[in-house]
Amino acid sequence: PMRLSRFHLPLLKETPGDAQIASHRLMLRGGMIRQQAAGIYAWLPLGHRVLKKIEQIVREEQNRAGAVEMLMPTIQPATLWHESGRYDAYGPEMLRITDRHDREMLYGPTNEEMITAIIRSGIKSYKALPQMLYHIQWKFRDEVRPRFGVMRGREFLMKDTYSFDVDAAGARKSYLKMFAAYLRTFGRMGLKAIPMRADTGPIGGDLSHEFIVLAETGESEVFVHKDLMDMSLPPADLDFDGDLEPLFEQWTSKYAATDEMHTPEEFEAIPEGERMNARGIEVGHIFYFGTKYSEPMNAYVEGPDGKSFIEMGSYGVGVSRLMGALIAAYHDEEGCKWPMAVAPFHVGLVNIKSGDADCDTASERLYAALEAQGVEVLYDETGDRAGEKFARMDLIGLPYILTIGPRGLKDGQVEVKSRATGEKENIPLDSVADVIAARVKDALAIS
RNA sequence: CGGGGCGUAGCGCAGCCUGGUAGCGCAUCUGUUUUGGGAACAGAGGGUCGCAGGUUCGAAUCCUGCCGCCCCGACCA
């Protein structure tokens, strides 16, 4: 709960010249981010709240799937990367740093090496496997060309999970858990993310998928079977330890590929009315890569048949990029239209005539009542003009905008506007807190 | 990394070609009148013109070098 006058919310009426796409434009105009260098952004209070909401949904679904949270540092020693051979292989995308003792360090672009080192020193027996660990941490990749604001930043927040299994069959199970968890994660945010087969590199097999949200401004071209658009999400009580093969089969039997994995003959075999050609944003990527790191880094377990290298997979979600994808999916000319699950506040409360004793009293009471019910409220108690207040609320895109003014108050009514539909209704002042609280709970319960 | 463009007040821009006291709109501050969907009027404040060097009596403007940022391509959570 927050009073607007105390919140740092620097809005821009005009669009900064360097923002080319809607999500970037609205994040700047809505006071969510400010650029500090090419591809590097400060997260202002409003943007930070959304980022934390996204992060929390990702976290809950990881936990549900049985992954365990930890936190690895952003700065890593180069020694680990020499072991895997990637220090030389990674190239200029990796930001290399030298410390005061002339030691080679780097700002982590990913964490396979570090987590492998941690596991190899912490696990000796095959009985300790499987394990799945994740963290949500800032990464840095010195992209040749950062662009589209937070969609392709150099610094970005990523959730990365790593799985460790005794054998390939176990690794497949871990992979399927993350596959299911990702479907739920993106679905809960209101995004339709479609898993698409991805390049598995030298490992081969069918165990790499990109999760792609369809959006006009997406960076990659995608080809999908229309049926995938109507697929329902795995339920909240999905048994992650049960058999996930049918679910995997259901989602992967229909054609879905990005341009680099696209096979036109196969796609054109689908009846024309069922084909879809669109653009998309990659919000997640899962890999099974076997012993690619465990072998060079000598991460093994002892089993009945002697020692074996640990079978690994890694699973990434672009948390900060998701915020851009969400705006791409939910906005109009006036501003953002946040789904309840990721909205920075659930409702905006507008006192349209602050200074008027009746309006002030009613607004303060409603503010307190909503807060008491756990509703997150941004309360505009400023003396600005009505038009500015409404435009501001539309721009930042909170799901409900409650307006208290002399006109409605005369009849004991509060105007409630849904940002998503634009519909307005009047609700009695003495019941509006209950009604709205119930709706917010409802919207959040869809998970 | 190739190609293109930009850098002037918090934001959006003009001025540069043709050198001569730094401009406009929005925002901000003060006052008055307003107040139910981005108010009106009056006044005010705010600038190392990206940085450095050069040419010139004089440089935002011309020349050289550097830095930063954006766009298009090749590459990627």
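Side-chain atoms are counted along with the backbone in the values below, which use heavy atoms only and exclude waters and symmetry mates. We name chains A, B, ... by the order of the sequence lines, and we start the count at 1 in each one.
- Here A27(B) presents its C1' atom at 12 Å from CG of D384(A), a figure rounded to the nearest Å.
- The side chain of A386(A) has G37(B) as its nearest neighbour among C11(B), G37(B), C69(B).
- Contacts of P406(A) with the nucleic acid, taken as non-hydrogen atoms under 4.0 Å apart, include base atoms.
- In this structure, the side chain of R321(A) engages the main chain of M151(A) through a donor-acceptor pair within 3.5 Å.
- In this structure, F7(A) and F345(A) have perpendicular ring planes: the angle between them is above 60°, well past the 30° mark.
- The 5' end of RNA chain B is approached more closely, in terms of each residue's nearest nucleotide, by A37(A) than by the other of A37(A) and E282(A).
- Side chains of E112(A) and T110(A): a donor on one and an acceptor on the other come within 3.5 Å.
- Under the Watson-Crick or G-U wobble criterion, with both distances below 3.5 Å, C17(B) is left unpaired in every strand shown.
- Between Q20(A) atom CD and G5(B) atom C1' there is a gap of 11 Å when expressed in whole angstrom units.
- F148(A) places its CZ atom 17 Å from the P atom of C69(B), with the value rounded to the nearest Å.
- Within 4.0 Å of R392(A), counting heavy atoms only, lies no atom of the nucleic acid at all.
- Nearest-nucleotide positions on RNA chain B for E210(A) and H24(A) put H24(A) closer to the 5' end.
- As judged by a 4.0 angstrom heavy-atom cut-off over every strand, G355(A) is placed among residues making no nucleic acid contact.
- Protein atom CE of M178(A) is 16 Å distant from nucleotide atom C1' of A77(B), rounded to whole Å.
- For Q35(A), the listed nucleotide lying nearest its side chain is C70(B); candidates were C70(B), U35(B), G73(B).
- As judged by a 4.0 angstrom heavy-atom cut-off over every strand, K424(A) is placed among the base-contacting residues.
- Cation-pi geometry between R96(A) and Y87(A) is met: the NZ or CZ atom falls under 6.0 Å from the ring centre, inside 45° of the normal.
- In this structure, G25(B) and C11(B) make a Watson-Crick or G-U wobble pair, each of the two defining distances being under 3.5 angstrom.
- The nucleotide A42(B) finds its pairing partner in U30(B), both defining distances of the Watson-Crick or G-U wobble pair being shorter than 3.5 Å.
- When Watson-Crick and G-U wobble pairs are counted only if both distances are under 3.5 Å, C1(B) pairs with G73(B).
- G284(A) comes within 4.0 angstrom of sugar-phosphate atoms only, judged by non-hydrogen atoms across all strands, and of no base.
- In this structure, the CZ atom of R407(A) is 7 Å from the P atom of G36(B), given to the nearest Å.
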Subject >> Stepwise side chain to side chain donor-acceptor pair (under 3.5 Å) check, Y255(A) with H262(A) >> reply: CA-CA 9 Å; Y255(A) 190 89; H262(A) 183 50; 2.7 Å; yes
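- Scanning atom types as modelled, one donor and one acceptor separated by under 3.5 angstrom connect the side chain of D394(A) and the base of G37(B).
- With respect to the salt-bridge test (charged N to carboxylate O, under 4.0 angstrom), the residues E266(A) and R197(A) qualify.
- With hydrogens and angles ignored, a donor-acceptor pair under 3.5 angstrom links the side chain of E14(A) to the base of G25(B).
- Counting any heavy atom pair closer than 4.0 Å across all strands shown, T110(A) reaches no nucleic acid atom.
- For C62(B), the paired nucleotide is G54(B), the pair qualifying as Watson-Crick or G-U wobble because both relevant distances are below 3.5 Å.
- Using a 4.0 Å cut-off between charged nitrogen and carboxylate oxygen, E425(A) and K417(A) do not count as a salt-bridge pair.
- Across every strand in view, C6(B) sits in a pair with G68(B) that passes the Watson-Crick or G-U test at under 3.5 angstrom.
- If you check every strand for non-hydrogen atoms under 4.0 Å, R29(A) touches a base.
- Put simply, CD on E388(A) is 15 Å from P on U35(B), counting in whole angstrom units.
- Taking atom CD of residue E221(A) and atom C1' of nucleotide G73(B), one finds them 16 Å apart after rounding to whole Å.
- For the pair E219(A) CD and A74(B) C1', the interatomic distance rounds to 13 Å; values are reported in whole Å.
- Residue V319(A) is out of contact with every strand shown, counting any heavy-atom pair closer than 4.0 Å.
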